[in-house]
Amino acid sequence: MIEESQVIKVRHEKLQKLKEMGLKLYPNDFRPKDKAKYIKDIYKNFTQEELEKKEYEFSLAGRLMAKREMGKLIFAHIQDETDRIQILVAKSEISAEDFKFFKKFVDIGDIIGVKGRLIKTKTGEITILVKDLKLLTKALRPLPEKYHGLKDTELRYRMRYVDLIMNPEVRELFKTRTRIIQYIRDYFISEGFLEVETPMMHPIAGGAAARPFITYHNALDMNLYLRIAPELYLKRLIVGGFEKVFELNRNFRNEGVSSRHNPEFTMLEFYEAYATYEDLMKRTEELFYSLALEIKGSAKITYQDYEIDFTPPWQRVEFLKAITELGGVPEEVLYNKEKLINFAKEKGIELNLKDPRIGKWWTKLFEELVEPKLIQPTFVIKFPIEVSPLARRNDENPDFADRFELYIAGKEVANAFSELNDPKDQRIRFEEQLKLREVDEEIPPEIDEDFIRALEYGMPPCAGEGIGIDRVVMIFTDSPSIREVILFPHLRRKEDL
RNA sequence: GGGCCGGUAACUCAGUCGGUAGAGUAUCGGCCUUUUAAGCCGAGAGUCGCAGGUUCGAGUCCUGCCCGGCCCA
């Protein structure tokens, strides 16, 4: 559909005119040899005289971002992946036809290729003096305003391509995201972990407490669930004899969207045989510390209003102590259900009273009262066993799990535990859980019998951890919202954009 | 789910007490050989998120809905 907008109509008319003139409209035979950033880096200190001696013909392709006509001179800026560089189209330097073509038919937003030598302008800007130019792709829609760019958050997310064209800091952020992910991947590979891919579609959505997305497989005539966690498959691999594995990919949870949640998010899970959650704390400290040095050049980074220091060792606090000492919940309240209910009510915290697990109530209080206070990297340890169905019991106190969660800047970033490898205990835990399905719809509706069978073949003692990659990227790019670190965050559909 | 804020030209935004819908950018025509948010002269461009209501008259007031943002749960 051709849009009503006058500006867009003009572009379509130009394209039609070019077609009638016999121009090949979308050529793909221009091979740029140079990049804007490298040209500027290398030649910025050259004088005009030095540049004149250089006979090399530069060639560069990119998007026209600005155009300033000055009679027989037209200054413009081209943006490629690396940077923007000024070009000068001068009537004295190219054919009259090409000059007129550039003036009349090449618009801001078009992709062009140029060839020419370098000059330095009066103001000292490195500039390509164009000898040869070619329209590579005509843009049929105008770019946003050149000074303010694209600011509307909704439009930025819905049309990320325009956001990326207009806002270099957004391009930089997503490059940083990729560097973070590559660094983490390299770290695990160099530590001897095997990167694996396990199913995204599960017959039973297990490994976490969350509502899954449901999909349907026609040929098998069965429902499948988009995975909420790869955990149970990765442990099968530990059973199978791989001793160090990791998977770095998407999970899907059917929950609302917010500045902290996107229904699909990137998760790292890794499992290590013959290791404990204590070992994983050390590994996590090492990973984040070196990541901070790699990405930010310092162990200390700024996130919003906080300075966060990744220098190990990090503080450790027991789950219940955190609730009493940091959350301000009196100890006598903690173990008395009636007092607990009243306390929560006073604080305006809603407990699921149908759920008999006091550990669930504690978790709620923890989320409300403690989480926001955990700014510096903090390991919360000793979680109640009833909210840790896949974790190993502590040898001294079997009501608690050998588990930690990592909090940074008030956000849960990682969750790890020594893995439960006793198949009988695992079955009991699943069965206990299943009884509570009526009061907690996030509990998987079915026991994963194949997983238990796998454990019955014997899983070596091991520990595993999940790290929320989007949250890590938020922290390292100082982003207040998860949508800023996801290229195409989910929004409600809108037809009339 | 609740509260607050926003949605006006392709983009960024004004729009007073309810009285003919504005600016800059972009576009179109013209001038200009060192501009860089270029400048100057001129022109065109609107489902004021959607649907109702109040009113002689609604971008503006009221109600409902849609989309987004922030905060809370």
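Source: prediction; values computed, not measured. No hydrogens, no waters, no symmetry mates; every other heavy atom, side chains included, goes into these values. Chain identifiers are assigned alphabetically (A, B, ...) following the order of the sequence lines, protein sequences preceding nucleic acid strands; residue numbering begins at 1 within each chain.
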Next item on the list: Do nucleotides 65-70 of chain B as a string where each nucleotide becomes B, S or -: B if the base has a protein heavy atom under 4.0 Å, S if just the sugar-phosphate does, - if no protein is that close.
Entry: --SSSS
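On the P atoms, rC66(B) is 30 Å away from rG19(B), given to the nearest whole Å. Between the P atoms of rU25(B) and rG42(B), the separation comes to 14 Å (whole Å). As rounded to the nearest Å, rG53(B) and rC70(B) have C1' atoms that lie 31 Å from one another. Here the separation of rC71(B) from rA9(B), taken at their C1' atoms, is 33 Å to the nearest Å. The same atom, P, is picked in rG24(B) and in rC50(B); the two are 25 Å apart, to the nearest Å. Distance check on atom C1': rG46(B) versus rU54(B) gives 25 Å, rounded to whole Å. The separation of rG44(B) from rG22(B), taken at their C1' atoms, amounts to 15 Å, rounded to a whole angstrom. Going from the C1' atom of rA14(B) to that of rG59(B) covers 12 Å, rounded to whole Å.
With Tyr277(A) contributing its side chain and Gly464(A) its backbone, the two residues share no donor-acceptor pair below 3.5 Å. Between the side chain of Lys120(A) and the main chain of Phe46(A), a donor-acceptor pair closer than 3.5 Å is present. A donor-acceptor pair is defined here as one N or O able to donate and one able to accept, closer than 3.5 Å; no such pair exists between the side chain of Arg253(A) and the backbone of Ala209(A). Side chain of Trp314(A) to backbone of Gln376(A): no donor-acceptor contact under 3.5 angstrom is found.
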What's touching nucleotides 1-3 of chain B from the protein side, N or O pairs under 3.5 Å?
none

Between protein and nucleic acid, restricted to nucleotides 39-45 of chain B and to nitrogen or oxygen atoms under 3.5 Å apart, what atom pairs and distances do you find?
| unit_1 | atom_1 | unit_2 | atom_2 | d |
| --- | --- | --- | --- | --- |
| rG44(B) | O2' | Gln6(A) | NE2 | 3.3 |
| rG44(B) | N2 | Gln6(A) | OE1 | 2.2 |
| rG44(B) | N3 | Gln6(A) | OE1 | 3.1 |
| rG44(B) | N3 | Gln6(A) | NE2 | 3.3 |

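For Leu155(A), the listed nucleotide lying nearest its side chain is rC11(B); candidates were rC11(B), rG29(B), rU34(B). Counting only heavy atoms from C-beta on, Glu350(A) has its side chain closest to rA73(B) among rU25(B), rU34(B), rA73(B). Considering only the side chain of Gln86(A), rU35(B) comes nearest among rU33(B), rC32(B), rU35(B). With rU27(B), rU12(B), rU33(B) as the candidates, the nucleotide lying closest to the side chain of Met70(A) is rU33(B). Residue Lys14(A) places its side chain closer to rC28(B) than to any other of rC28(B), rU12(B), rG29(B). You'll find that the side chain of Val10(A) is closest to rU27(B), out of rU34(B), rU33(B), rU27(B). Set against rU34(B), rU12(B), rA26(B), the side chain of Pro142(A) has rA26(B) as its closest nucleotide. In this structure, of rU33(B), rA73(B), rU35(B), it is rU33(B) that holds the atom nearest to the side chain of Ser92(A).
The nearest whole Å value for the distance from the CG atom in Leu150(A) to the C1' atom in rU25(B) is 14 Å. Atom pair Lys151(A):NZ and rC13(B):P shows a separation of 8 Å (rounding to whole Å applied).
Side-chain contact of Thr284(A) with Glu465(A): a donor-acceptor pair under 3.5 Å is present, judged by distance alone.
A sub-4.0 Å separation between OP1 or OP2 of rC31(B) and a side-chain N or O of Lys103(A) is absent.
The partner of rG68(B), taking Watson-Crick or G-U wobble pairs whose two distances both stay under 3.5 Å, is rC5(B). rG39(B) is paired with rC31(B) under the Watson-Crick or G-U wobble criterion, all donor-acceptor distances under 3.5 Å. For rC13(B), the paired nucleotide is rG22(B), the pair qualifying as Watson-Crick or G-U wobble because both relevant distances are below 3.5 Å. Partner assigned to rC61(B) is rG53(B), using Watson-Crick or G-U wobble distances below 3.5 angstrom.
Using a 4.0 Å cut-off between a side-chain N of Lys or Arg and a carboxylate O of Asp or Glu, Lys53(A) and Glu50(A) do not qualify as a salt bridge.
Qualifying ring-ring contact (aromatic ring centres under 6.0 Å, His included) partners for His202(A), counting only residues two or more places apart in sequence or in other chains: Tyr233(A). Checked against ring-ring contact (aromatic ring centres under 6.0 Å, His included), Phe58(A) has the following partners two or more places apart in sequence or in another chain: Tyr43(A), Tyr56(A).
Atom CG of Leu436(A) is separated from atom CZ of Arg357(A) by 4.5 Å, given to the nearest 0.5 angstrom.
Within residues 44-67 of chain A, no residue has a heavy atom under 4.0 Å from RNA chain B.
The two residues Lys373(A) and Leu326(A) come nearest to each other via the heavy atoms NZ-O, 2.8 Å.
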